[in-house]
Amino acid sequence: MLETRNIEIYYGKIMVVRGLSIKVQKGEIRAILGANGAGKSTTLKTIMGYLDDQPEKGTIWFNDKRIDRLKTEQIVPLGIAYVPEGREVFPELTIRENLIMGAYTRSGDCSAEIDRVFNYFPVLKDRLKQQAGTLSGGEQQMLAIGRALMSKPALMILDEPSLGLSPLLVTEIFDIIRTINQEGMTILLVEQNARKALSVAHHAFIMETGRIVLEGPPDKLMKNEDVQEFYLGMQQEESIKGYQRYKRKKRWR
Amino acid sequence: MSFLAIKDLGISFGGLTALSSVSMNVEKGQIFSIIGPNGAGKTTIFNCISGIYRPKRGSILFQGQEMVGKKPYQAAKMGIARTFQNIELFSHLSTMDNLLLGRHMHMKSGILAGSTFLGRNFPAAREECLHRERVERIIEFLEIESARDMPVSALPYGTRKLVELGRALAMEPSLLLLDEPTAGMNQEEKRDMMFWIRDIRDDFDVTILMVEHDMNLVMEVSDEIFALNFGIKLVQGPPHVVRNDPGVLEAYLGRD
Amino acid sequence: MAIGLNILVGYTGQISLGHAGFFATGAYSCVLLMVKAQVPFIIALPAAGLISALFGFLVGLPSLRLEGPYLAIATLGFGMAITQIISHSSFTGGHMGIEAPKMSVGSFVIDTPAEQYAVITIIAVILTVAALNLMKTRVGRAFVAIRDSEIAAEAMGINITWFKTLSFAVSAFYTGIGGALMAFALEHVSASSFNLILSITFLAMIVVGGLGSIMGSILGAALLTYLQIKLQIIQEAPVIGPLLLDISNMFFTPEGLPNIQSIVFGAIMIAIVIFEPLGMRGIYLRIKRYWKMWPF
Amino acid sequence: MQFFFDLLVGGLSMGACYALVALAMVIIYKTSEVPNFAQGEMAMLSTFVAYSLMSSYHVGFWTAIIATLLFALVLGFLLEIAFLRPAKDPTVLSLIVITLGAEMILYGLAGWKWGANQNPFQVPFSEYSGFRIGGVLITEINLWTFVTSLVIMLLLFLFFRYTKVGVAMKAVQQNAFAAKAMGIPTRRILTFTWGLSSVTGAVAGVLIAPIATLDTNMMMDPMLKGFAGAVLGGMTSLPGAALGGYLLGIIENCFGGYVSLEFKSVVAFGLIVLILCLKPTGLFVKHFERKV
Amino acid sequence: ADKVRGVTDTEIFIGQWGPQTGPAALWGAVARGSGVYFDLINEEGGIHGRKIKYFLRDDSYNPMKTKAIAKEFLEEIGIFAVVGGVGTSTGMAVRDYLMENKVPWVGPPTGSTNWTVPMQKYLFALYPRYTDEAYVLTQYAVEKMGKKNIAFFYQNDDYGKEGLKGAKDYLEKKGMKIAAEVPVEPQDTDLKSHVLKLKESNADAVILWVLPKHAAIVLGTSMAAGFKPQWIACSTLSDSTLMHKVTKGLWEGVVYANFLDMESPLVKKYLEAQKKFAPKEQETGVFFVAGFLFAEPLVEGLRRAGKDLNPDSFVKAMESIQHWNDWLGYDCTFGPNERQGMKAVYLSKCGQGGKPEKISDWLKFDTAK
Ligand SMILES: Nc1ncnc2c1ncn2[C@@H]1O[C@H](COP(=O)(O)OP(=O)(O)OP(=O)(O)O)[C@@H](O)[C@H]1O
Ligand SMILES: Nc1ncnc2c1ncn2[C@@H]1O[C@H](COP(=O)(O)OP(=O)(O)OP(=O)(O)O)[C@@H](O)[C@H]1O
Ligand SMILES: [Mg+2]
Ligand SMILES: [Mg+2]
């Protein structure tokens with residue numbers, strides 16, 4: 001459904017993404033994991049057409065249509081919704097207006113969608129007229145996801161949806177992700193919470209300094225020692241107890 | 001007398017009660033965590049302590065002094081430093097300058113001294129050198145040397161969080177407020193952060209008040225945990241007590 | 001003396017449309033001090049700066065709570081009020097303005113243009129060095145911090161109220177000195193010179209030169225002043241002159257041709273912002289980088 | 001008392017013009033946080049177009065007006081596309097500088113084309129007669145000005161409140177990044193606002209010209225006053241801007257009538273500074289505190 | 001002979017500033033008019049074999065720029081004399097500078113007393129003084145038109161204030177009181193409250209000492225307010241065709257002062273020159289022609305000074321001009337202690353379609369008092 005072929009992305013002269021190829025099949029949840037600064041958000045932004053003149057090399061395809069070099073406003077109507085990193089709500093608009101904006105590309109009445117969002121996130125319903133900027137961090141995250149749902153996209157791209165959410169809500173959000181996926185929506189997910197991400201994904205990529213270094217179904221990845229150590233934090237106990245700070249840098253080179 | 005004593009704190013925003021009658025005592029040298037669902041009022045507590053919000057009632061005694069009604073810069077002068085949930089860096093400046101701004105309070109040169117030096121030996125220049133050294137030490141400690149001269153807006157999220165932490169440290173506070181210090185980090189980075197938090201407490205001799213959603217981390221490092229829901233206290237106690245509290249399980253942790 | 005405004009706008013991000021007001025304050029207070037109170041030049045000049053700074057301080061006070069367009073209007077109001085008051089007060093010579101005395105240091109009177117130029121350059125250099133220094137140290141950093149994030153700046157223990165007002169005062173000080181020097185260079189001050197267009201020109205200077213850069217301010221000021229002089233006689237320029245005259249004859253009116261000044265000015269301002277947001281400093285940096293790489 | 005009502009009517013009709021300029025500025029400000037300093041000149045140029053059509057080509061008034069409004073629309077589009085759009089990572093300040101630059105260009109062009117002469121602007125309604133309410137004469141042009149400004153204000157208000165494009169305009173201003181993610185064509189929206197604003201401003205120009213006579217400097221004062229009115233009302237609120245414009249007109253006239261003519265214009269600004277000190281975001285806008 | 005600044009064997013350098021852009025650009029026509037006059041003189045063979053080289057600079061009515069221009073004139077170009085130069089505050093910014101450097105200056109186009117009080121050796125004023133002009137206008141209104149209640153509407157600067165002073169002088173002498181004095185700021189466009197003030201005063205005549213723009217607005221606004229006094233205008237508003245046009249006909253019936261004789265045969269010749277040298281010039285009204293007037297005595301002075309031209313010989317020559325009438329003005333007279341060349345105006349009334357109708361002869365100021 002979505003595919004990037006060997007894309008390279010530059011910030012000025014610095015190459016941030018180096019020949020990245022990923023595929024997302026229809027009906028799937030795919031996750032991208034990776035350390036800070038690996039280039040995950042950059043990749044998503046490029047897919048969404050945010051970065052002018054990027055990708056420098058390579059192509060991006062959505063439903064057999066080439067979408068690299070299109071403008072964001074041309075990409076969204078094709079059926080892609082995007083939840084940016086760090087919430088990015090419209091701070092001075094009310095929650096209701098925020099949601100309406102989510103349905104900008106769709107014509108007609110959207111009250112049914114609004115109800116659906118309130119069904120997922122009842123908190124928002126009580127705050128219909130509150131300015132979004134005064135919501136707590138987590139509430140804003142819910143609004144951002146809800147807003148993306150408004151356009152009934154075929155593919156939803158989420159950048160760290162669990163950022164700043166309480167454990168209970170993280171669970172809920174992932175439940176919701178699973179639900180909407182079962183309702184037929186394809187999902188591409190960038191996450192730091194590897195455990196959760198792997199628990200819902202059908203397929204995952206691990207990204208380091210602009211490259212995919214590992215990919216496969218979650219159960220396979222879970223067995224990988226490095227993944228266990230760096231993303232799932234399974235071997236942390238002893239090192240904490242020993243008050244020892246050690247870091248294995250330069251992996252997968 | 002506790003190091004930080006919050007008593008009966010209450011605040012509301014146009015009908016919405018964000019905090020109602022919250023009390024807590026933080027002892028010197030503790031790592032004290034506040035947990036709670038989204039919108040519980042955790043950040044609001046921070047904002048009250050650091051003078052950004054003015055609570056409707058209650059008192060906040062910091063080292064015996066009333067904080068309610070103080071301006072943020074006064075709070076800073078009294079030794080309270082903080083980081084922000086959504087990162088508030090001086091985005092056009094380099095990491096170095098950001099940290100130097102943390103030293104602002106400890107520097108003295110005014111307009112006259114600042115504008116009239118010609119060599120190393122003028123007071124303003126000497127002061128500048130001194131503080132730059134301090135900042136270098138913090139940069140080294142947090143291992144963000146590579147970011148030293150980069151404008152912070154070009155740094156990845158996780159590094160920006162570190163810079164913000166560094167800036168707070170540069171203030172040499174006696175109380176450090178950390179709002180979700182590890183949000184957006186992966187396990188490995190979180191683990192580093194965990195060490196740092198401990199090291200900071202030990203090496204820099206500060207008391208740490210922290211809001212965090214990562215339970216592993218909270219349970220590991222905290223001496224005391226305060227759980228909050230809808231602006232009301234759920235429980236307070238050491239990790240093992242809070243972890244098994246049914247209220248916390250239900251409202252916050254979920255069945256995991 | 002665009003440096004002053006650059007401190008305000010470039011460093012603390014506050015927009016002022018009233019700098020002509022400070023310019024006027026500086027010019028008038030210096031001249032009046034010398035003419036009416038017989039104060040010697042070396043004292044009157046800094047005094048004029050300080051008086052402007054005082055005004056800056058007063059104007060800065062309400063600005064604490066204002067930002068963006070609100071601030072622009074408030075400062076605009078100040079600029080207009082000052083010129084209005086000056087031009088209606090006989091103490092300041094009314095509309096006619098007053099003659100400025102010669103500059104003098106001790107018994108040494110500066111009267112040839114070359115000497116004048118030298119003195120002004122020296123003062124400008126001193127002030128520039130001071131501004132550069134200031135921006136590198138504590139106070140300057142605080143100014144920038146306020147621009148980027150007030151909340152964070154305050155959490156650093158920076159007293160925003162104080163520093164914002166201070167930035168206004170410092171900026172007014174520079175502009176005031178600039179005004180005073182201008183008064184001597186032209187040997188005359190007159191209220192109607194200090195109009196909104198002057199404030200806009202100041203703003204243009206710093207943008208053209210490069211925001212937040214002191215070198216840039218100087219370059220910008222120099223370029224625009226030069227253009228201002230040269231564009232007047234554009235009809236006399238080879239090739240372009242006759243061509244423009246022809247265009248005027250065909251589509252416009254020839255007597256309207258001097259308006260080309262304003263068009264060129266506007267176009268330069270826009271072009272700089274569009275193509276070189278860092279202004280002249282950006283160009284300078286690029287050239288520097290280019291030479292560093294040379295011959296590769 | 002009659003004196004007062006006369007002042008009031010004068011204030012209201014001038015205020016209506018200020019209000020229109022204020023509205024025009026607010027429209028652009030709402031989407032891009034830029035006070036558009038070229039607004040006055042845009043209106044002036046449009047009015048000149050109407051004038052030229054009528055005097056040189058003998059086009060009828062209403063045809064000329066419609067042509068002018070179209071011209072204004074296109075002018076707004078053009079300015080946005082040619083000057084604002086190409087700016088790389090613009091800050092508010094650089095955008096302001098662009099509008100100042102545009103102001104100078106337009107002013108220069110108008111001066112080049114039409115010289116410095118005063119020109120009479122003919123309208124098909126009378127400047128001197130109208131109807132009386134209790135001895136106070138309300139001229140036809142007063143009435144037109146007043147009604148037009150009210151209608152435009154109402155239309156704009158409804159547009160921003162109830163249409164999706166209207167809300168999208170606000171959204172673009174607050175977070176252009178997120179607006180794009182919603183599929184909102186941010187650039188087209190910006191271009192559109194410039195057109196809309198330009199038309200509103202042109203209406204103001206056409207209404208001011210018959211009384212103030214047409215020359216290249218015609219809009220300088222109304223532009224500043226309109227801006228001040230917009231600020232007084234809060235810069236982002238349409239009704240606020242309109243009210244601010246009216247208030248300014250009335251205050252100015254009353255001050256001129258009762259206190260001092262010399263400081264009439266300055267007082268308006270002084271007052272605004274005072275009000276801003278008490279209410280930093282104008283009379284009608286809630287101060288938005290950024291939450292951390 | 002020593003080299004004289006701005007004079008060569010073949011050329012004389014003459015400079016003028018004038019607002020070509022900005023709010024006062026209307027007056028820029030004066031400086032362009034002078035330019036055409038010099039072209040004409042040059043075509044006729046110049047003066048004693050020298051042609052006039054004319055430098056026109058735009059100061060946008062900004063004294064700071066005027067000063068810069070004066071410096072350019074002296075330090076870069078090196079001019080012999082200045083002619084015209086619209087604006088009082090702009091002129092004042094450079095007066096002392098020009099005088100110190102012995103630059104003859106003929107005909108600053110405003111009627112300010114500052115040109116001649118105190119007397120400046122190298123400065124020859126032509127424009128009738130505003131104070132005197134206002135004096136005779138008021139006198140005419142009272143004595144010939146029988147007006148009893150006279151109000152004064154003036155621009156709030158020295159231009160307007162000098163006019164006001166003249167009017168008050170006359171009224172005081174007659175023991176009359178001024179009905180109202182209403183100032184207007186140059187930048188104002190909304191004059192409703194001004195008009196109401198005038199109306200309150202119940203004046204039967206209002207003297208206008210303002211810009212054309214304000215005159216137009218105030219007439220329109222008064223009309224709307226139902227206030228219809230006899231309007232009397234100063235000589236800066238003497239272009240009745242223009243005024244008739246911008247006021248959409250309201251100017252009809254207005255009485256105003258003239259300082260230049262538009263019926264003189266010279267005008268025809270000058271306008272032909274304009275067709276030749278500046279065919280595209282549109283503003284050939286009074287201001288444009290005034291540009292000729294201010295330059296005429298200068299050229300006459302240059303002629304009389306002869307081949308051996310320097311500032312002092314020029315001053316001598318100028319001082320020899322007595323009751324000279326071969327120009328657009330009236331009775332040009334200078335002398336060793338006289339620097340105000342012209343001291344008379346005549347009055348006209350705007351007739352149908354803006355046609356000027358002369359209603360008085362030249363009114364000489366000294367006989368008036
Ligand atoms: N505007 C920019 N200019 C220059 N470099 C940038 C810019 N934005 C990001 N980068 C660099 O690009 C790299 C990738 O950044 P990106 O935000 O995509 O990382 P990420 O994988 O999303 O990390 P995180 O988990 O912290 O969000 C980083 O090294 C960062 O420093
Ligand atoms: N300035 C404000 N205006 C209106 N409501 C506010 C304001 N600040 C906070 N609130 C509300 O107060 C409640 C508590 O917010 P707070 O930011 O303290 O939550 P939090 O516990 O930090 O949550 P999170 O973990 O999601 O960051 C929220 O419901 C929020 O909407
Ligand atoms: Mg990211
Ligand atoms: Mg929070």
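Residue numbers begin at 1 in each chain, while the letters A, B, ... track the order of the sequences. Values in this document were obtained by computation on a predicted structure and should not be read as measured data. Below, all heavy atoms of this structure are taken into account, side chains as well, without hydrogens, waters or symmetry copies.
- The interface of residues 192-202 of chain E with chain D, defined by heavy-atom distances below 4.5 Å, comprises Lys192(E), Ser193(E), His194(E), Leu196(E), Lys197(E), Glu200(E).
- To the nearest 0.5 Å, the span separating CG on Asp190(E) from SG on Cys17(D) amounts to 9.0 Å.
- Among pairs with a residue in residues 205-232 of chain E, those fulfilling salt bridge (charged side-chain N to carboxylate O under 4.0 Å, His left out) read Asp215(D)-Lys213(E), at least two apart in sequence or across chains.
- Annotation: maximal heavy-atom pairing with chain D below 4.5 Å, among Leu191(E), Leu250(E), Thr247(E), occurs at Leu250(E).
- Proximity to chain E (any heavy atom under 4.5 Å) is shown, for Phe255(D), by neither the backbone nor the side chain.
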